[in-house]
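Since the structure is predicted, the reported quantities are computational estimates derived from the model, not experimental observations. Every chain is numbered from 1, with letters handed out A, B, ... down the list of sequences.
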Amino acid sequence: MRVYADNAATTKLSEKALETMLPLFTEGYGNPSSLHSVGQAAKTELEKAREKVAKAINASFKEIYFTSGGSEADNQAIRTAAYQGSRKGKNHIISSAFEHHAVLHTLNALKKEGFEITLVKVNENGVINPDDIRFAITDKTCLVTIMTANNEVGTIQPVEEIGKICREKGVLFHTDAVQAVGHIPVDVEKIGCDMLSSSAHKFHGPKGAGFLYVRKGIILKNLIEGGAQERGKRAGTENLPAIVGMAAALEEAVNNLEENEKKVSSMKKILIDGLSGIEKSRINGDTEKSLPGTLNMCFEGIEGESLLLLLDSKGICASSGSACTSGSLEPSHVLLSMGVPVEIAHGSLRLSINEYNTPEEMEYIVRCVPEVVSYLRSFSPVWDEIKKEEK
Amino acid sequence: MALYSEKVMDHFINPRNVGQIENADGVGEVGNARCGDIMKIFLKINKDGIIEDVKFNTFGCASAIASSSMATEMIKGQPVSKALELTNKAVVEALDGLPAIKIHCSVLAEEAVKAAVKDYYDKNSIEYDKELFKENSCEHCNIE
């Protein structure tokens, strides 16, 4: 059996998205900036996509800017707020310790440019306390950027409360909603955010497209200079097939949101019920305030990369926040920020499922994971120690 | 190219010499759970100083397990003096290479073998050159 359980990394393209994309490679290949009929037909498709995307998050089409993906959207949102802040003498940005690297690394770069960065704490359940944001805001604060849902542990953040606080204090609020859009209701009016990032390939759209929602009145700062695409704020000929595919995938996801949420949650329950009984294991992050399809666990005494590769040899594709899989020497910054001890964080496993998965696949995962965990423990000196200490 | 060579995957999926030896003549443990890898090597050494049997226990990633497996294969049946000559480079070569960030796994394997031999020497009051057994297993890892 082959089970793809790494949907927080990327998803399979939806059939519908593919269908809408294909004619744009063969017939509708015009440049939306061209004045002739082929170009204008492409322009019409582009603007239809913008309408669909706007509708999906309760925004106006004028507030949607297409980008190459979530990282670009995050970069541009943060750079915009930083630029506007610095013009008013405001050089303080608030974020959290467990944001995506697209946010954290942009903030690191700004720090070198003289910005002051406050990263609020995350509690052990992977949730941020809005009061911590409130207390961190000063008259120098130009931006609060907090993710809607975390990519590793799936916890949903109190973005509506944070939005309200930012509104009260007159501070811009950006949210990285890359993991949330298409999976849980995302309404920019309810959240009260000024900017929101999203990426197509997380909701069965194609790779290479994303969007940034920017509330009317905020003037974006360009990352890419050139032509007048995206109302002059993002130069470069639009990746039309990907943008149109994204809009189709998003429309489909939003139309089926409730049904998918129900289906995916019940499959996640099979995983939780089947895996949480494993000795010396823990679920990372609140399981209630969580994305329907993301489950993150740690198993003491084993290392995540070996777990991942042995599961792969059984046909299960998952992910781990272990140091060995991250290309760095330290385990997941997300788990560490939640206070998971380093030695335990090495043994993490992220399973991320969606409506394309089946209950049978969940049963298979529930059979395989305990087997692999006890095999790796059978020759782990760390597990040996844990057992000796018990005696 | 895949992350790991076929050899690495083979030694990871079907590791050789997994286990422990009761009343081993030499036991060496290196690494640190905080860094994400610990290797423990058990040696059974006969009167002629030949490594009759060797087993390992490892907590770590695929390349740590494969390095342990390969290192134990390379010293099995060898005289202790030969085992001391095992270098991490030889382990890497025998595995058809490791990704740069995983080289420390082979270093751990070399050090685990040395630590086990040192334990054997200490237990049997055999004199040795202390320079051979400098510990630096955690150099690769700077977690506080």
Side-chain angles (χ1 to χ4, degrees), chain A residues 280 298-333 335-336 339-349 368 371-389, chain B residues 2-6 8-21 27-42 55-69 72 98-105 108 112 115-116 138-144:
Chain A
K280 300 271 178 193
C298 280
F299 305 100
E300 290 185 37
I302 63 170
E303 194 280 328
E305 191 212 63
S306 350
L307 173 61
L308 194 70
L309 292 176
L310 284 177
L311 287 175
D312 186 40
S313 75
K314 291 179 181 290
I316 298 171
C317 300
S319 152
S320 169
S322 95
C324 290
T325 56
S326 68
S328 78
L329 294 171
E330 289 192 22
S332 151
H333 71 287
L335 297 179
L336 297 183
V340 177
V342 182
E343 50 270 45
I344 295 176
H346 283 297
S348 75
L349 175 71
C368 291
E371 262 175 49
V372 173
V373 168
S374 45
Y375 165 70
L376 285 170
R377 281 174 173 175
S378 73
F379 60 92
S380 159
V382 175
W383 185 247
D384 215 29
E385 277 303 308
I386 291 171
K387 292 316 260 181
K388 272 182 196 155
E389 272 167 31
Chain B
L3 175 61
Y4 290 127
S5 70
E6 277 180 31
V8 173
M9 286 310 285
D10 176 37
H11 277 262
F12 164 60
I13 303 271
N14 309 297
R16 281 60 146 181
N17 309 312
V18 171
Q20 301 190 4
I21 296 175
V27 180
E29 181 175 319
V30 295
N32 174 330
R34 290 175 64 79
C35 306
D37 28 38
I38 294 186
M39 276 181 208
K40 199 168 178 180
I41 285 188
F42 303 79
K55 297 273 185 217
F56 80 86
N57 267 10
T58 290
F59 160 82
C61 59
S63 59
I65 292 170
S67 296
S68 318
S69 168
T72 54
L98 281 176
I101 197 159
K102 303 288 189 174
I103 294 296
H104 74 266
C105 294
L108 276 184
C138 260
E139 236 175 32
H140 69 275
C141 164
N142 52 8
I143 293 174
E144 300 277 303

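Remark: A/Lys314 pairs with A/Glu371 by the salt bridge (charged side-chain N to carboxylate O under 4.0 Å, His left out) rule, at least two apart or across chains.
When every heavy atom of A/Gly301 is checked against every heavy atom of B/Phe59, the shortest pair comes out as O-CD1, 3.3 Å. A/Glu305 and B/Leu3 get closest at one heavy-atom pair: OE2-CD2, 4.2 Å.
Separation of atoms CH2 (A/Trp383) and CG (B/Asn57) is listed at 13.5 Å; rounding is to 0.5 Å. From B/Asp37, atom CG reaches atom NE2 of A/His346 across 7.5 Å, with rounding to the nearest 0.5 Å. The CD atom of A/Glu303 lies 8.0 Å from the CD1 atom of B/Ile65; values are rounded to the nearest 0.5 Å. Between the CG atom in A/Asp384 and the CD1 atom in B/Ile38 there is a gap of 10.5 Å [rounded to 0.5 Å].
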Distance-only donor-acceptor pairs under 3.5 Å for side chains of residues 10-17 of chain B, two or more places apart:
| unit_1 | atom_1 | unit_2 | atom_2 | d |
| --- | --- | --- | --- | --- |
| B/Asp10 | OD1 | B/Asn14 | ND2 | 3.3 |
| B/Asp10 | OD2 | B/Arg16 | NH1 | 3.4 |
| B/Asp10 | OD2 | B/Arg16 | NH2 | 2.8 |
| B/His11 | ND1 | B/Ser69 | OG | 2.7 |
| B/Arg16 | NH1 | B/Asn14 | O | 2.8 |
| B/Asn17 | OD1 | B/Lys76 | NZ | 3.1 |
| B/Asn17 | ND2 | B/Thr72 | OG1 | 2.9 |
| B/Asn17 | ND2 | B/Glu73 | OE2 | 3.2 |

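One finds no salt bridge joining A/Glu385 and B/Lys40 here, because no Lys/Arg side-chain nitrogen approaches an Asp/Glu carboxylate oxygen to under 4.0 Å.
Proximity of a side-chain donor or acceptor of A/Ser306 to a complementary backbone N or O of B/Gly60 within less than 3.5 Å is detected.
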